[in-house]
Q: 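Right, I'll just put the structure down here and ask away after.
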Amino acid sequence: MRRLSQVFLNSDEIADKIAAAIPLRGKTVLEIGAGTGILTRALAKRAKRIVAIEIDAKLARTLAENAPKNVEVIHADALSFNSAGFDTVFSNLPYHLSSPLLFRILESDFKKAVVLLQKEFALRLVAEPDEDDYSRLTVMTQAKADVELVGEVTREHFDPQPQVDSILVLLKRKAKPVPLDADLVNALFQHKNQTIRNAFEHSAYALKKEKDELREFADSLEVKDRRVRSLSLDELAWLSKKYANSL
Ligand code: SAM
């Protein structure tokens with residue numbers, strides 16, 4: 001079903017490589033979007049226990065009937081499932097929900113997450129300031145996690161074959177997250193090619209502030225003539241703090 005991004009891995013060898021991305025001995029793993037269970041079974045060989053979430057009732061039932069003993073299949077929407085307490089997450093993420101599910105993982109108790117993502121999406125997670133791919137997604141992800149590209153999984157390893165290749169990504173929770181004002185980052189990156197001064201001026205509605213006070217604040221900044229897209233994570237943390245203290 002295209003609506004649910006049901007693009008299944010077709011190679012046990014690749015599923016095994018994905019499961020081997022991090023050590024799983026003795027671990028309980030949360031798997032999001034188990035589908036036909038090809039990755040679930042590879043994980044079950046390595047980990048102590050797998051909790052596999054699947055939204056499609058038929059797939060969930062079939063998997064529950066055939067799954068190894070250490071797999072618990074839960075028919076649920078991963079967007080509303082309470083993932084508290086899971087420190088290890090795996091997913092061949094449904095493409096249409098990559099962003100919301102990634103943000104849910106970042107907000108959860110995860111320590112390590114191994115996620116298969118569309119190549120273009122994955123590259124945005126590791127972009128550097130001033131690169132085209134540098135975006136709100138980059139910044140909000142890197143604020144919480146160190147991001148590592150593990151390797152590419154090309155399109156022929158999926159059924160039905162998608163139009164794009166994928167990349168396996170390892171996210172490791174940062175011991176100390178970079179403190180960012182998510183609303184501020186969100187507002188400014190809507191205008192990421194503009195100068196910081198103009199971006200503030202155009203963010204009055206999003207930030208629920210008066211244009212004049214935002215202009216005055218922006219004018220006081222040394223970085224006011226820089227482009228939003230040039231700000232590093234640390235600079236955005238500095239700006240978040242200054243904004244909180246001034247407005
Ligand atoms: N893990 C399997 C694999 O690697 O072959 C399936 C991956 S497929 C890209 C994504 C799976 O997520 C599908 O089985 C789909 O039904 C399921 N899915 C889609 N939206 C979901 C949601 N909101 N919550 C849980 N599962 C979802």
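Atoms within a ligand are numbered from 1 in the order they appear, just like the ligands themselves. Not measured: the values here are computed from a predicted model.
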Q: Would you indicate which of Val7, Val153, Thr36, Thr40 comes nearest to atom 9 (C) of ligand 1 when only heavy atoms are counted?
A: Val7
Q: I need the Leu63 CG to Ile74 CD1 distance, nearest 0.5 Å.
A: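 With rounding to 0.5 Å, CG (Leu63) is 11.5 Å from CD1 (Ile74).
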Q: Could you work out, for atom 20 (N) of ligand 1, the closest of Leu97, Ile53, Leu9, Leu116 by heavy-atom distance?
A: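 Nearest option to atom 20 (N) of ligand 1, by heavy atoms: Leu97.
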Q: Which atoms of ligand 1 have any heavy atom of Ser5 under 4.0 Å away?
A: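 Within the 4.0 Å cut-off of Ser5, ligand 1 contributes 8 (S), 9 (C), 10 (C).
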Q: Between atom CD of Glu148 and atom CG of Leu170, what is the distance when rounded to the nearest 0.5 Å?
A: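 Here the interatomic distance stands at 5.0 Å.
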Q: Please state whether the rings of His191 and His202 are parallel, tilted or perpendicular, taking 30° and 60° as the class boundaries.
A: tilted
Q: Using a 4.5 Å cut-off on heavy atoms from C-beta on, say whether the side chain of Leu171 contacts that of Asp146.
A: no
Q: With a cut-off of 4.0 Å, which atoms of ligand 1 are near a heavy atom of Gly35?
A: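 Listed by number with element: 6 (C), 14 (O).
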Q: Give, for atom CG of Leu30 and atom CD1 of Ile50, the distance between the pair rounded to the nearest 0.5 Å.
A: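 Reported to 0.5 Å precision, the distance equals 9.5 Å.
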Q: Numbering the atoms of ligand 1 from 1, which are under 4.0 Å from a heavy atom of Phe8?
A: 5 (O), 6 (C), 14 (O)
Q: Which part of Ala76 is near ligand 1, with near meaning a heavy atom under 4.0 Å away: side chain, backbone, both or neither?
A: backbone
Q: Counting only heavy atoms, which portion of Ser91 has something under 4.0 Å from ligand 1: side chain, backbone, both, or neither?
A: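 Neither; no heavy atom under 4.0 Å.
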Q: Considering Ala78, Pro162, Ser98 one by one, which has a heavy atom nearer to atom 24 (N) of ligand 1 than any of the others?
A: Ala78
Q: Flag the pair Asp12 and Arg41 as a salt bridge only when some basic side-chain nitrogen lies within less than 4.0 angstrom of an acidic carboxylate oxygen.
A: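 Not counted as a salt bridge, because no side-chain N and carboxylate O are separated by less than 4.0 Å.
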Q: Look at atom 2 (C) of ligand 1 and say which protein heavy atom is nearest, naming residue and atom and giving the distance to 0.1 Å.
A: Ala34 O, 3.3 Å
Q: So for atom NZ, which belongs to Lys48, do other residues, nucleotides or ligands contribute more than 12 heavy atoms lying within a distance under 6.0 Å?
A: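 No, the 6.0 Å shell around NZ holds no more than 12 heavy atoms from other groups.
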Q: Any idea which protein heavy atom is nearest atom 14 (O) of ligand 1, and the distance to it?
A: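 For this ligand atom, the closest protein heavy atom is Glu54 OE1, 2.7 Å.
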Q: Tell me the protein heavy atom at minimum distance from atom 19 (C) of ligand 1, and give that distance in Å.
A: Leu4 O, 3.3 Å
Q: Taking the side chain as every heavy atom from C-beta outward, state whether Val29 and Val51 have any pair of such atoms under 4.5 Å apart.
A: no
Q: Find all atoms of ligand 1 within a distance of less than 4.0 Å from any non-hydrogen atom belonging to Glu31, and give their numbers and elements.
A: 1 (N)
Q: Would you say Ile32 contacts ligand 1, with heavy atoms under 4.0 Å as the rule?
A: no
Q: Can Glu201 and Arg197 be counted as an ion pair, charged N to O under 4.0 angstrom?
A: yes
Q: Suppose we measure from atom 3 (C) of ligand 1 to each protein heavy atom; which comes out shortest, and what is that distance?
A: Asn92 ND2, 3.5 Å
Q: If you measure every N/O of Gln6 against every N/O of ligand 1, is any gap under 3.5 Å?
A: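 Yes, there is a polar N/O contact under 3.5 Å.
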Q: Of the protein's non-hydrogen atoms, which lies at the shortest distance from atom 18 (N) of ligand 1, and what is that distance?
A: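 Here the nearest protein heavy atom works out to Ile55 CG2, 3.6 Å.
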Q: Is it true that Gly37 lies under 4.0 Å from ligand 1, counting heavy atoms only?
A: no
Q: For Asp77, take its heavy atoms, then give the atoms of ligand 1 lying under 4.0 Å from any of them.
A: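 Selected atoms, number and element: 22 (C), 23 (N), 24 (N).
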Q: In terms of side-chain geometry, is the basic nitrogen of Arg215 or Glu210 positioned less than 4.0 Å from the acidic oxygen of its partner?
A: no
Q: Quick one: do Arg46 and Asp16 make a salt bridge, cutoff under 4.0 Å?
A: yes
Q: Taking the side chain as every heavy atom from C-beta outward, state whether Val169 and Val114 have any pair of such atoms under 4.5 Å apart.
A: no
Q: Would you say Gly33 and ligand 1 have an N/O pair spaced under 3.5 Å apart?
A: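 Yes; at least one N/O pair falls below 3.5 Å.
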